[in-house]
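Heads up: the structure comes next, in C-alpha cells.
Reminder, nothing fancy here: chain letters follow the sequence lines and each chain counts from 1.
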Amino acid sequence: MTALLRVRDLDAHYGHFQALSGIDLEVGAGEAVAVIGANGAGKSTLLRAIAGQVPQPGGSRVEFDGVELRGLPAHRRARLGIALVPEGRKLFPSLSVQENLLVAAGAADRRARGGRRWGLDAVYELFPNVGRLRDRPGGALSGGEQQAVAIGRGLMAEPRLLLLDEVSLGLAPVVVEQLYAALGTIAATGVAMLVVEQDVGTALRLAGRVLCLRAGRTVLTGAAAEVTADAVTAAYFGT
Amino acid sequence: MTWVNAVVQGLLLGGVYALFACGLSLVFGVLRIVNLAHGDLTVLAAFLALVATSTLGLNPVLALVVVVPVMAALGFALQRLLLHRSLRAGELAPLLVTFGLSIVLQNALLQTFSADTRSLPAGDFGTAGLELGGGIAVGWLGLSTLVVAVAVLAGLQLVLARTPIGRAMRATSDDPETAALMGLDDRRVYAVATAIALATVALAGVFYGMRGTFTPTLGPQLLIFAFEAVIIGGLGSLWGTLLGGLVLGVAQTVGAQIQPTYGVLAGHLVFLVVLAARPSGLLRREEVR
Ligand SMILES: Nc1ncnc2c1ncn2[C@@H]1O[C@H](COP(=O)(O)OP(=O)(O)O)[C@@H](O)[C@H]1O
Ligand SMILES: [Mg+2]
C-alpha cells in the first residue's frame with residue numbers, strides 16, 4: 001500500500017519545550033490508525049503538526065500524497081484534503097450550524113469539481129439531529145451535537161485524511177457509540193483517519209493499527225490484533 | 001418648530017457620522033483592531049477627491065469613481081503589508097502601528113497640501129434642498145449622505161449575513177486558527193474586509209468634504225466622532241453603528257440649539273451617558289460565548 005501520509009522524524013516545539021521527538025508514522029489511503037497516550041503525551045500536537053498549526057522544523061518530514069508539506073500554512077493543507085476535527089470541537093459561535101458546515105465547503109471547491117461526496121444533504125443524512133439543528137447558533141448545542149457538527153464540518157472539506165482529536169471527550173457512552181458508528185460509515189467511504197483517544201478500546205473500534213505516545217515519543221506501535229492490553233498499559237504508564 | 005428642525009438636521013448630520021463609523025466598526029468587528037488612523041484615512045480620501053476634482057475637473061461625486069477603488073486597494077495593501085504582521089504580535093501592536101500611521105498620514109498631508117482649510121466644490125448640490133415648510137429645510141447633500149449611509153450599512157450587513165465572504169469574515173473573526181482549518185486564509189479575509197472598510201472611508205471622506213471644511217490634521221477629531229458612534233451603537237454591530245451615528249448627530253444639533261457652543265459637548269455627554277448606563281452599547285446583542 002502506498003502511504004497517503006508519511007511522517008518522518010517529526011519534532012515539535014512550544015518555545016523551548018519539545019512536545020514531540022522523532023515521530024515516524026504512515027497512514028495508507030483509506031486506512032485508520034489510532035494514536036493513544038495519556039494526557040500531555042503529545043497526541044494533539046501530532047495532529048496539529050500534520051494540519052499545519054505547529055511549525056515543522058527543518059529535519060522533520062511530513063509528506064501528503066507524495067508532497068512535502070513543510071512551509072504550507074494550515075489553510076493550504078486543508079485545501080489539499082487534510083481535515084482536523086480539533087480537540088474541544090471549536091465551532092464558530094456566531095455562525096449557525098448550517099453556516100458552520102458551509103464555511104468548510106470552500107476548502108474543497110477546487111478538488112470537488114468532479115462532484116462532491118459530502119454536501120449538506122450527506123452530512124444531514126449521516127447525522128439526522130444536526131439537520132434538525134441547522135438554524136441554531138453554533139454555541140448553543142450539547143457536547144455530542146457539537147461534536148457531530150465538528151465532524152460534519154470536517155467532511156464538508158472533502159477530506160482524504162481526517163484527523164480526529166478525542167471525539168469521545170466528555171461525552172456519554174451512548175453518544176460516543178453513535179458518533180463512532182458514523183465514523184465507521186465515513187471510514188467505509190475510503191477516508192483515511194488518524195484517531196486520537198485516551199482510551200485504547202474506543203480508538204481501536206476503527207483503527208487497524210495503533211501508535212502509543214508518551215512524553216512526545218513513540219513507545220509502542222503495532223497492528224491492533226497484536227498489541228496486548230498489558231503491552232498498552234506498560235507503554236502508557238512507562239512501567 | 002426650531003426643535004423639530006434641530007432633530008431633522010441632527011439626523012442628517014448623523015448620516016455623516018454613521019458613514020464615518022462604518023469602516024471603523026467593520027475593521028473592529030472582523031479584525032478586532034481599533035484603527036487609530038481611521039480619521040486620517042478619511043481625510044486622505046477627501047484630499048484624493050480634491051486632487052481628482054482639480055486635476056480631472058470631475059465633480060466630487062464623480063470623483064468617487066476614482067477615490068473608492070484607490071482607497072479599497074490601499075486598504076488591501078495596508079492589511080497585507082502592515083496590519084497583518086502587527087496582528088500576530090499581540091493586542092498592543094496594532095494600536096501602535098495604526099497610531100504611527102495616523103501621524104505619518106497627517107504629516108504627509110501637511111507636507112503635500114499645507115495646513116490650509118479646504119472643501120470639495122459641491123456646487124448647487126451642496127446648497128439646494130427641499131423646503132418642508134415651517135422653517136424646516138432638508139439639503140440634498142445631507143439627505144443623500146443619510147441615504148448613502150443607510151444603504152452602505154444595510155449592504156454590508158447583507159454581505160456579512162448572507163454571502164460566503166461574509167460568512168468567512170465572521171468565522172475568521174470568531175477564531176482565525178480554526179477558520180484556517182476550513183481552508184480560509186485569514187490574510188485574504190482580513191485584507192478584503194479592510195478593503196471594504198476603506199471603500200466606505202472614501203465615501204465618508206468625500207461626503208464630509210462636500211459638507212464642510214477639512215485640514216490635514218482633522219483626522220483625530222473625525223476618529224472621535226466615529227468612535228463615539230460605534231460605542232453608542234454597540235461594538236461590532238453595524239445596525240448599532242447606524243443608530244449610534246444618528247444619536248450622536250441629533251445630540252449635537254439639539255445641544256447646539258440650546259446654546260450654539262454646546263453642540264459637540266452635548267455629543268460627548270450622550271456618549272458618556274451611554275457608556276455609563278449601557279457599556280456594551282444600545283444594540284449590542286448578548287454575547288453567546
Ligand atoms: N500551546 C502550547 N504551549 C506550550 N506547551 C504546550 C502547548 N500545547 C501543548 N503543550 C504541551 O505539550 C505537551 C503535549 O500536549 P498535547 O499535544 O496537547 O498532549 P495531549 O493531546 O496528548 O494531551 C504537554 O506537555 C502540553 O503541556
Ligand atoms: Mg490533546
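Closest heavy-atom contact between A/Leu95 and B/Ala171: CD1-N, 3.8 Å. When all heavy atoms of A/Ala104 and B/Met182 are compared, the pair lying nearest together is CB-SD, 3.6 Å. Of all heavy-atom pairs spanning A/Ala78 and B/Ala180, the tightest one is CB-O, 3.9 Å. Shown here for B/Asp175 and A/Phe92, the closest heavy-atom pair between the two residues is O-CE2, 3.8 Å.
Annotation: B/Arg187, atom CZ; neighbour count of heavy atoms from other residues, nucleotides and ligands within 6.0 Å does not exceed 12. Around CD of A/Glu68, the count of heavy atoms belonging to other residues, nucleotides or ligands within 6.0 Å exceeds 12. For CZ of B/Phe227, the number of neighbouring non-hydrogen atoms (other residues, nucleotides, ligands) closer than 6.0 Å is 12 at most. Counting heavy atoms of neighbouring residues, nucleotides and ligands inside a 6.0 Å radius, atom CZ of B/Arg85 does not exceed 12 of them.
Contacts of B/Ala161 with chain A are made by backbone atoms alone, with heavy-atom separations under 4.5 Å and no side-chain atom involved. Proximity to chain B (any heavy atom under 4.5 Å) is shown, for A/Leu91, by neither the backbone nor the side chain. When heavy atoms are compared at a cutoff of 4.5 Å, A/Arg89 does not approach chain B at all.
Atom CD of A/Gln98 and atom CZ of B/Arg167 lie 8.5 Å apart (nearest 0.5 Å). Annotation: the span from B/Asp185 atom CG to A/Arg76 atom CZ amounts to 9.0 Å, rounded to 0.5 Å.
Salt bridge A/Lys90/B/Glu177: absent, no basic N to carboxylate O contact under 4.0 Å.
Per-residue counts of heavy-atom pairs under 4.5 Å with chain B were compared for A/Leu102, A/Leu80, A/Ile82; the largest is that of A/Leu102.
Using a 4.5 Å heavy-atom threshold, the side chains of A/Arg153 and B/Thr178 count as touching.
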Run the numbers on A/Glu99 and B/Arg170 for side chain to side chain contact (heavy atoms under 4.5 Å, CB included), then give the verdict. CA-CA 10 Å; A/Glu99 288 178 320; B/Arg170 284 182 291 140; 2.6 Å; yes
